[in-house]
Protein chains: 2
Amino acid sequence: MRNSITINDISRETSVSNTTVSRVLNGFSRKYRISDETAQHVMEVAKKLNYRPNRTAVSLRKKVSNLIGLVVPDLSNSFFTNVANIITNELKKNGYSVILTDCGDDENTEIEVVNLLNDRRIDGLLVMPCGKQSEHLEDLYGQGVPVICVDRYFESSPLSFVATNNYSGAYEITKYLIGSHHKHIACIQGLEHVMPNLQRVKGYMDAMKDAGLEEEICVVGNDFSQENGYLETKRLLQRSQRPTAIFGLSNTIILGSLKALEEEGLSVPQDMSLVTFDNAEYLNFLNPPLTSIAQPNAEIAQMSIKMLLGMIRNKELLAAQRPEQILLNPTVIHRKSVKILKD
Amino acid sequence: MRNSITINDISRETSVSNTTVSRVLNGFSRKYRISDETAQHVMEVAKKLNYRPNRTAVSLRKKVSNLIGLVVPDLSNSFFTNVANIITNELKKNGYSVILTDCGDDENTEIEVVNLLNDRRIDGLLVMPCGKQSEHLEDLYGQGVPVICVDRYFESSPLSFVATNNYSGAYEITKYLIGSHHKHIACIQGLEHVMPNLQRVKGYMDAMKDAGLEEEICVVGNDFSQENGYLETKRLLQRSQRPTAIFGLSNTIILGSLKALEEEGLSVPQDMSLVTFDNAEYLNFLNPPLTSIAQPNAEIAQMSIKMLLGMIRNKELLAAQRPEQILLNPTVIHRKSVKILKD
DNA sequence: TATGTTTGCACAAACGATTGTGCTAAAACG
DNA sequence: CGTTTTAGCACAATCGTTTGTGCAAACATA
């Protein structure tokens with residue numbers, strides 16, 4: 001068992017009380033009128049013994065853990081890892097460590113891990129909720145724990161959120177496809193009930209409707225996996241009326257589509273146009289480079305943290321405030337996966 | 001401030017001591033002869049009040065945190081995130097939470113975060129060390145904290161490790177290039193002093209030597225970034241004697257190469273053959289699909305955890321045992337980025 | 001000299017659990 | 001009925017900190 005140096009060892013060695021040691025080491029010498037001499041001595045001994053405070057004890061006593069929970073749906077999706085990465089690094093700069101957990105896009109797992117995080121007395125929670133329920137999160141929030149929804153959120157909930165304006169992104173890129181004279185545009189969606197998916201589908205559908213293509217609306221699929229992209233693409237290709245363009249609602253989905261198309265010997269964009277949500281460096285080097293909707297990952301991460309830290313600092317306001325609801329605009333990155341059809 | 005239900009609330013409500021409550025809730029009713037009646041009552045009240053133990057208090061008292069530290073060099077590299085992902089999920093199944101930190105491939109940051117993790121009394125550390133020094137890790141290990149090096153490791157150190165057999169992977173793929181009649185093969189390396197890089201370079205060099213191509217050995221570059229891949233490729237292209245093949249030592253590096261080649265209007269593999277370490281789904285869909293050396297990510301993760309958990313369970317043996325040193329074999333995945341030259 | 005003020009620090013209670021030990025009352029035994 | 005055993009639980013210390021308060025000695029003031 002690890003037997004580290006404690007404040008009491010210093011206390012013994014310096015023959016002052018642990019109270020005094022604690023105060024010196026926390027920079028309260030002045031405040032509690034510890035003589036410079038004593039303070040010096042304590043600090044020297046602390047350094048000599050290579051003392052480091054036990055954060056567990058501090059957490060227990062101060063009721064502050066400097067731990068932030070981060071719950072993501074699926075770490076094999078590069079969008080989530082990218083955001084998680086930025087969040088983790090940003091929070092470290094602010095003196096927080098993060099406990100990162102992947103809930104496998106499963107609601108019960110999410111509830112379980114949120115409880116676990118609460119047991120560890122996290123100072124705040126950043127969550128990309130994967131289910132329809134928000135009670136477990138609102139409960140936590142009600143207990144006074146700052147909670148921010150990131151990327152995914154709930155319509156009417158006291159929880160603040162930061163997300164991409166998924167609607168506008170989807171609307172815009174669909175309009176672009178239509179502008180390129182595509183009419184048969186299929187949309188492969190992810191988890192049906194989560195907000196980003198809902199909004200993206202809505203954006204797609206509205207753009208179709210606004211162009212008088214209501215009849216052509218075609219939404220298939222049911223999760224954000226690559227398999228889903230693969231299978232749905234295969235099925236789309238078997239239709240009598242094949243789409244001329246596919247809009248994948250995540251980078252994972254589109255990778256599945258690509259695989260299916262390749263297997264069928266179809267090439268992009270000659271035989272099929274392809275666009276996707278999410279951005280990634282490698283999209284530039286695909287065959288062909290894929291036109292995509294880049295989410296503002298860094299801004300999402302930074303804004304979430306800003307809001308979270310704000311709540312942590314102003315706990316009193318926590319309950320009083322109305323939720324902040326922030327939607328950040330995505331940008332369409334035009335590459336080479338859309339064929340311009342003759343009209 | 002969060003005011004949760006404690007064991008004392010239950011104690012009050014049931015009119016038994018907190019000792020008894022604790023024993024009941026930990027399943028020690030039998031052992032301490034708590035009557036079934038009392039036990040029942042305690043459990044009911046605990047459920048009614050929705051009691052959950054404060055893990056911070058438990059950690060302090062039991063000197064066990066159920067926290068594992070995971071330190072990776074760079075979370076924007078998909079190899080690391082992939083391994084981290086598997087590790088995190090596997091550990092969760094074993095009742096551990098992981099604190100994940102990215103040290104930005106900086107040695108001082110690594111030392112700092114390792115100290116921070118120690119302050120939190122992690123039960124074990126999985127680390128992909130980014131520097132030449134191992135003292136901070138050996139210190140921790142010496143304090144009785146299980147430490148396993150993952151992917152990266154040190155030559156002569158008491159620390160156990162799990163990594164890919166980088167040498168054989170590099171040797172094999174270089175031999176393959178040579179077998180395809182390439183002679184001018186350049187190697188763009190990552191961080192010079194880390195073991196995987198060292199071993200990969202060695203594999204490359206030995207393969208060249210064994211084929212009598214000692215004169216042609218060409219190792220450039222100095223870190224695992226995409227920028228490094230980009231810049232070094234640009235420079236290679238300016239040489240009077242251009243290489244006919246480039247061996248990138250990571251997926252990030254090769255993405256940089258690809259960018260440089262594209263800018264120069266060169267296509268793969270017609271104008272330049274390309275191979276890389278690391279595997280990723282998207283490599284299949286690049287233009288062209290890249291031949292690569294797939295590391296056994298899942299096995300690395302699982303083996304690391306197995307060793308770590310073993311150490312945690314057998315702490316006594318910790319110091320006594322000789323380090324375990326595990327190298328797992330990679331596999332070359334042949335795709336379409338190597339041109340077979342006429343000899 | 002008596003009183004008030006400041007200096008410099010220590011005592012002891014918390015935080016929320018776990019755990020070695022001790023104690024009382026009832027049951028069992030002879 | 002007296003003694004031993006067992007059942008059933010509580011006391012209090014402990015983990016390593018932080019923190020409200022108290023208190024003696026030194027000093028200043030009148």
Side-chain angles (χ1 to χ4, degrees), chain A residues 1-43 46 49-67 118-121 123 143-144, chain B residues 1-43 46 49-67 118-121 123 143-144:
Chain A
M1 178 52 48
R2 182 162 17 172
N3 257 336
S4 313
I5 305 292
T6 78
I7 227 171
N8 297 309
D9 296 323
I10 302 181
S11 160
R12 214 168 301 124
E13 176 103 3
T14 55
S15 322
V16 300
S17 71
N18 58 356
T19 303
T20 299
V21 174
S22 170
R23 287 182 169 144
V24 168
L25 297 179
N26 284 297
F28 293 139
S29 304
R30 270 287 122 72
K31 188 173 171 192
Y32 290 100
R33 298 184 307 246
I34 314 293
S35 69
D36 287 358
E37 198 184 3
T38 307
Q40 275 301 323
H41 189 204
V42 166
M43 287 166 54
L49 297 181
N50 207 3
Y51 169 76
R52 307 210 93 219
N54 180 328
R55 305 264 340 154
T56 308
V58 174
S59 294
L60 179 60
R61 174 64 225 234
K62 299 223 288 188
K63 296 198 168 203
V64 164
S65 63
N66 280 276
L67 281 174
N118 191 19
D119 294 347
R120 292 198 187 276
R121 295 297 179 269
D123 291 344
Q143 287 176 40
Chain B
M1 180 52 47
R2 181 165 16 175
N3 257 334
S4 311
I5 306 292
T6 78
I7 225 170
N8 297 309
D9 297 323
I10 302 181
S11 159
R12 214 168 301 124
E13 176 104 2
T14 54
S15 323
V16 300
S17 71
N18 58 357
T19 303
T20 300
V21 174
S22 170
R23 287 183 170 144
V24 168
L25 296 179
N26 284 297
F28 293 139
S29 304
R30 271 285 123 72
K31 187 172 170 192
Y32 290 101
R33 299 185 305 249
I34 314 293
S35 69
D36 286 358
E37 198 184 5
T38 307
Q40 274 301 323
H41 189 205
V42 166
M43 285 166 54
L49 297 180
N50 207 3
Y51 169 77
R52 307 210 92 219
N54 180 328
R55 306 264 339 156
T56 307
V58 175
S59 295
L60 178 60
R61 176 62 225 234
K62 299 223 286 188
K63 297 199 169 202
V64 164
S65 62
N66 279 277
L67 281 173
N118 191 19
D119 294 347
R120 292 200 186 276
R121 295 299 179 268
D123 291 344
Q143 286 175 41

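The sequence lines fix the lettering, A, B, ..., with proteins before strands; numbering per chain opens at 1.
- Nucleic acid contact class of R55(B) (heavy atoms, under 4.0 Å, all strands): none.
- Residue whose closest nucleotide on DNA chain D sits further toward the 5' end, between R23(A) and I5(A): I5(A).
- Residues passing the side chain to side chain contact (heavy atoms under 4.5 Å, CB included) test with T38(B) are V16(B), T20(B), I34(B), S35(B), V42(B), sequence neighbours excluded.
- Proximity of residues 9-16 of chain B to DNA chain C (heavy atom under 4.0 angstrom from any strand atom) is not detected for any residue.
- Where S17(A) and A57(A) each meet DNA chain C at their nearest nucleotide, the meeting point lying more 5' is that of S17(A).
- The minimum heavy-atom distance between S17(A) and S11(A), with the atom names listed, is C-OG, 3.7 Å.
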Distance-only check: which donor-acceptor pairs under 3.5 Å involve side-chain atoms of residues 21-28 of chain A, not counting sequence neighbours?
| residue | atom | partner | partner atom | Å |
| --- | --- | --- | --- | --- |
| S22(A) | OG | N26(A) | ND2 | 3.3 |
| N26(A) | ND2 | S22(A) | O | 2.8 |

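- Nucleotides of DNA chain D that come within less than 4.0 Å of any heavy atom of chain B span, from the 5' end to the 3' end, dA7(D) to dG16(D).
- Under the side chain to side chain donor-acceptor pair (under 3.5 Å) criterion, N50(B) pairs with no residue at all, not counting sequence neighbours.
- Base engagement by N18(A) is indicated by at least one non-hydrogen atom pair under 4.0 Å involving a base atom.
- Applying the side chain to side chain donor-acceptor pair (under 3.5 Å) test to N66(A) and every residue at least two apart in sequence or in another chain returns nothing.
- By the side chain to side chain donor-acceptor pair (under 3.5 Å) test, R61(B) is found to be paired with no residue, residues two or more places apart in sequence or in another chain being considered.
- R55(A) places none of its side-chain heavy atoms less than 4.5 Å from the side chain of N118(B).
- Remark: R12(A) pairs with D9(A) by the salt bridge (charged side-chain N to carboxylate O under 4.0 Å, His left out) rule, at least two apart or across chains.
- Nearest heavy atom pair, residue L49(B) against residue I10(B), reads CD1-CG1, 4.2 Å.
- Once rounded to the nearest 0.5 Å, the distance linking OG1 of T6(B) with CZ of R52(B) reads 15.0 Å.
- When the nearest nucleotides of DNA chain C are assigned to S4(B) and T19(A) by heavy-atom distance, the more 5′-ward of the two goes with T19(A).
- Applying the side chain to side chain donor-acceptor pair (under 3.5 Å) criterion to S59(B), with sequence neighbours excluded, gives no partner residue.
- A 4.0 Å heavy-atom criterion places the boundary nucleotides of DNA chain C facing chain A at dT7(C) to dG16(C), written 5' to 3'.
- The existence of a salt bridge linking K63(A) and D123(A) is excluded, since no basic side-chain nitrogen approaches an acidic carboxylate oxygen closer than 4.0 Å.
- Between S4(A) and R121(B) there is a side-chain heavy-atom pair separated by less than 4.5 Å.
- With the 3.5 Å cutoff on both pairing distances, Watson-Crick and G-U pairs in DNA chain D assemble into runs of at least 3 at C:1-30 with D:1-30.
- N54(B) places none of its side-chain heavy atoms less than 4.5 Å from the side chain of D119(A).
- Distance NE2/H41(B) to OG/S15(B): 7.5 Å, rounded to 0.5 Å.
- Contacts of residues 32-40 of chain B with DNA chain D (heavy atom under 4.0 Å): Y32(B), R33(B), I34(B), S35(B), T38(B).
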